[in-house]
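Structure first, commentary second.
All values below come from the heavy atoms of this structure, side chains included, with hydrogens, waters and symmetry mates left out. Each chain gets a letter, A, B and so on, in the order its sequence line appears, and its residues count up from 1. These figures come from a predicted structure and were not determined experimentally.
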2 protein chains.
Amino acid sequence: MFTIGKASEQSGVNIETIRYYEREGVVPKPGRSAGGRRLYSPDEIAKLRFVRRCRDLGFPISIIQTFLSLTEQDDRSCGEVKTLAENHLDEINAKIENLTRLREALLSLSSNCDEGTAACPMLDSLMKDGLGENRPEQARH
Amino acid sequence: MFTIGKASEQSGVNIETIRYYEREGVVPKPGRSAGGRRLYSPDEIAKLRFVRRCRDLGFPISIIQTFLSLTEQDDRSCGEVKTLAENHLDEINAKIENLTRLREALLSLSSNCDEGTAACPMLDSLMKDGLGENRPEQARH
DNA sequence: CTTGCTCCTGTAGCCACTACAGGAACTAAA
DNA sequence: TTTAGTTCCTGTAGTGGCTACAGGAGCAAG
């Protein structure tokens with residue numbers, strides 16, 4: 001059994017974040033020592049590491065909770081996982097596209113900017129009236 | 001002069017967001033009607049539109065505030081704008097790279113997933129011990 | 001005058017953490 | 001055994017950038 005510090009080291013999850021996950025019910029409450037300290041089994045540490053890796057892949061907590069419940073009852077889990085992963089891939093691709101369009105827009109706006117110029121052409125055109133609004137749908141980065 | 005509803009329409013900024021920007025000091029407090037309603041001049045609406053466009057480009061509020069103060073005192077603004085825009089471009093590029101790496105990782109993990117499989121290979125390898133940790137630095141999406 | 005719309009203030013919620021404050025419990029050296 | 005240092009505990013508040021109420025007031029048209 002390991003204290004929260006060791007569990008943090010081994011799982012790569014910040015101590016505060018481990019307690020947060022416990023509060024939110026992402027991972028089950030661990031046992032406690034006589035003095036009231038959390039004690040983690042290797043299995044519980046593996047779960048924390050799993051959550052961390054999923055977060056690194058960009059999955060939201062809600063999906064990770066689904067993953068965790070699927071690993072408990074391990075019948076027919078793979079199809080669901082595949083769907084969830086594919087949806088997440090679509091989101092990642094959408095974000096990449098958005099950011100790429102953003103980059104182009106920003107590049108063309110700032111291209112005329114230079115050290116000496118007094119009235120900045122980028123700021124100017126951003127302040128101008130509504131010609132070519134061209135709003136991104138609801139891309140929030 | 002325009003009420004907040006019209007200002008919202010013309011600027012593309014949500015009503016609640018306009019009030020939020022006012023509270024936070026992003027835009028100056030507008031005048032009020034006899035009955036206590038906010039009244040916006042075309043200039044103030046242009047400012048709101050400017051903020052919205054900068055947000056669409058992914059700039060954080062703090063940078064947008066710098067932009068706004070630069071448009072007030074319009075001496076030598078362009079060099080600073082250029083630097084800020086370039087830094088932001090770097091961040092966008094870093095995000096794109098991160099997401100691209102994420103996509104590759106997720107693709108290779110989920111490639112062996114399929115409808116029939118019982119023990120999911122993706123979940124399995126995410127749960128496994130620390131071989132090839134390969135942590136992204138601090139990419140949070 | 002009434003209906004329905006817009007507006008007002010103030011507060012709480014979202015996501016996924018992170019950062020304290022103030023105190024208790026362990027560990028190791030003197 | 002005392003002491004110092006470290007780790008842990010709970011609880012609360014803050015981050016960014018909004019969004020969503022609740023409960024009320026103002027205003028325009030029929």
Side-chain angles (χ1 to χ4, degrees), chain A residues 1-27 29-40 48 50-68 88 91 95 135-141, chain B residues 1-27 29-40 44 48 50-68 88 91 95 98 135-141:
Chain A
M1 296 301 239
F2 304 89
T3 60
I4 198 169
K6 305 291 168 197
S8 170
E9 259 175 56
Q10 286 182 49
S11 65
V13 182
N14 188 323
I15 291 179
E16 310 265 24
T17 307
I18 293 177
R19 290 197 278 249
Y20 164 74
Y21 286 162
E22 184 186 327
R23 274 201 306 283
E24 298 296 303
V26 180
V27 295
K29 288 176 193 259
R32 296 280 181 139
S33 75
R37 302 191 160 192
R38 291 170 180 81
L39 291 178
Y40 294 87
L48 286 168
F50 174 84
V51 175
R52 202 257 303 145
R53 284 171 178 165
C54 289
R55 289 292 301 129
D56 285 347
L57 288 169
F59 284 104
I61 296 289
S62 55
I63 299 292
I64 299 173
Q65 280 176 305
T66 307
F67 285 163
L68 280 171
H88 186 50
E91 278 167 37
K95 273 188 194 171
R135 284 263 271 148
E137 306 82 55
Q138 72 265 38
R140 215 90 275 189
H141 336 285
Chain B
M1 295 303 240
F2 304 89
T3 60
I4 199 169
K6 305 291 168 198
S8 170
E9 259 175 57
Q10 287 182 50
S11 65
V13 181
N14 189 323
I15 291 178
E16 311 264 25
T17 307
I18 293 177
R19 290 197 278 247
Y20 164 74
Y21 286 163
E22 185 187 327
R23 273 202 304 285
E24 296 298 302
V26 181
V27 294
K29 289 177 193 260
R32 298 280 181 139
S33 74
R37 304 195 157 190
R38 289 170 181 83
L39 290 178
Y40 294 87
E44 288 170 318
L48 287 168
F50 175 83
V51 175
R52 202 258 302 146
R53 285 172 177 165
C54 289
R55 288 293 300 128
D56 286 347
L57 287 170
F59 284 104
I61 297 289
S62 55
I63 299 292
I64 299 173
Q65 281 177 304
T66 306
F67 284 163
L68 281 171
H88 186 50
E91 278 168 36
K95 274 189 193 172
N98 265 326
R135 286 261 271 145
E137 306 80 55
Q138 72 265 41
R140 214 89 277 186
H141 332 288

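Using a 4.5 Å heavy-atom cutoff, the side chains of B:Arg19 and B:Arg38 are in contact. Using a 4.5 Å heavy-atom cutoff, the side chains of A:Arg55 and A:Ile61 are in contact. Side chains of B:Val51 and B:Tyr21 form a contact here, defined as non-hydrogen atoms less than 4.5 Å apart. Two residues are said to be in side-chain contact when any heavy atoms from C-beta on lie closer than 4.5 Å; B:Met1 and B:Ser33 fail this criterion. Looking at heavy atoms from C-beta onward, A:Pro60 lies in side-chain contact with A:Ile63 at the 4.5 angstrom threshold.
Side-chain nitrogen and oxygen atoms of A:Tyr21 include at least one within less than 4.0 Å of the OP1 or OP2 phosphate oxygen of C:dC17. For A:Thr3, a side-chain nitrogen or oxygen approaches OP1 or OP2 of D:dC8 to under 4.0 Å. Between A:Thr17 and C:dT18, a side-chain N or O to OP1/OP2 separation shorter than 4.0 Å is present.
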* Reading nucleotides 20-30 of chain D from the 5' end, what letters show protein touch, with B for base, S for backbone sugar-phosphate only, - for no heavy atom under 4.0 Å? -> BB---BBS---
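Partner A:Arg52 forms a side chain to side chain contact (heavy atoms under 4.5 Å, CB included) with one of A:Asn14, A:Ile64, A:Val13 and no other, that one being A:Val13.
Rounded to whole Å, atom P of C:dT6 lies 17 Å from atom CZ of B:Phe2. Per the geometry, CZ belonging to B:Arg52 stands 16 Å off C1' belonging to D:dG17, to the nearest Å. Atom pair A:Ile15:CD1 and C:dA19:P shows a separation of 12 Å (rounding to whole Å applied). Summarising the geometry, the separation between CD1 on B:Ile18 and C1' on C:dT9 is reported as 16 Å, rounded to the nearest angstrom. One atom, CD of B:Glu22, and another, P of C:dG10, lie 12 Å apart when rounded to the nearest Å. Distance B:Tyr20 OH to C:dT9 P: 17 Å, rounded to the nearest Å. Atom-to-atom, CD1 of B:Ile4 to C1' of C:dC5 comes out at 15 Å; the value is rounded to the nearest Å. In this structure, A:Arg38 atom CZ and C:dA25 atom P are separated by 15 Å, rounded to whole Å.
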* To do: May I have the step-by-step check of side chain to side chain contact (heavy atoms under 4.5 Å, CB included) for A:Phe50 and A:Leu68, ending in yes or no?
  => CA-CA 9 Å; A:Phe50 174 84; A:Leu68 280 171; 3.7 Å; yes
* To do: Begin with the C-alpha distance, continue with both residues' side-chain angles, and end with the deciding distance and a verdict on side chain to side chain contact (heavy atoms under 4.5 Å, CB included) for A:Gln65 and A:Val26.
  => CA-CA 6 Å; A:Gln65 280 176 305; A:Val26 180; 4.2 Å; yes
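By the salt bridge (charged side-chain N to carboxylate O under 4.0 Å, His left out) test, B:Arg37 pairs with no residue at all, sequence neighbours left out.
For the contact set between residues 60-67 of chain B and DNA chain D, defined by any heavy atom under 4.0 Å, the members are B:Pro60, B:Ile61.
Which of C:dC7, D:dC18, C:dT9 sits closest to the side chain of B:Arg55 comes down to D:dC18.
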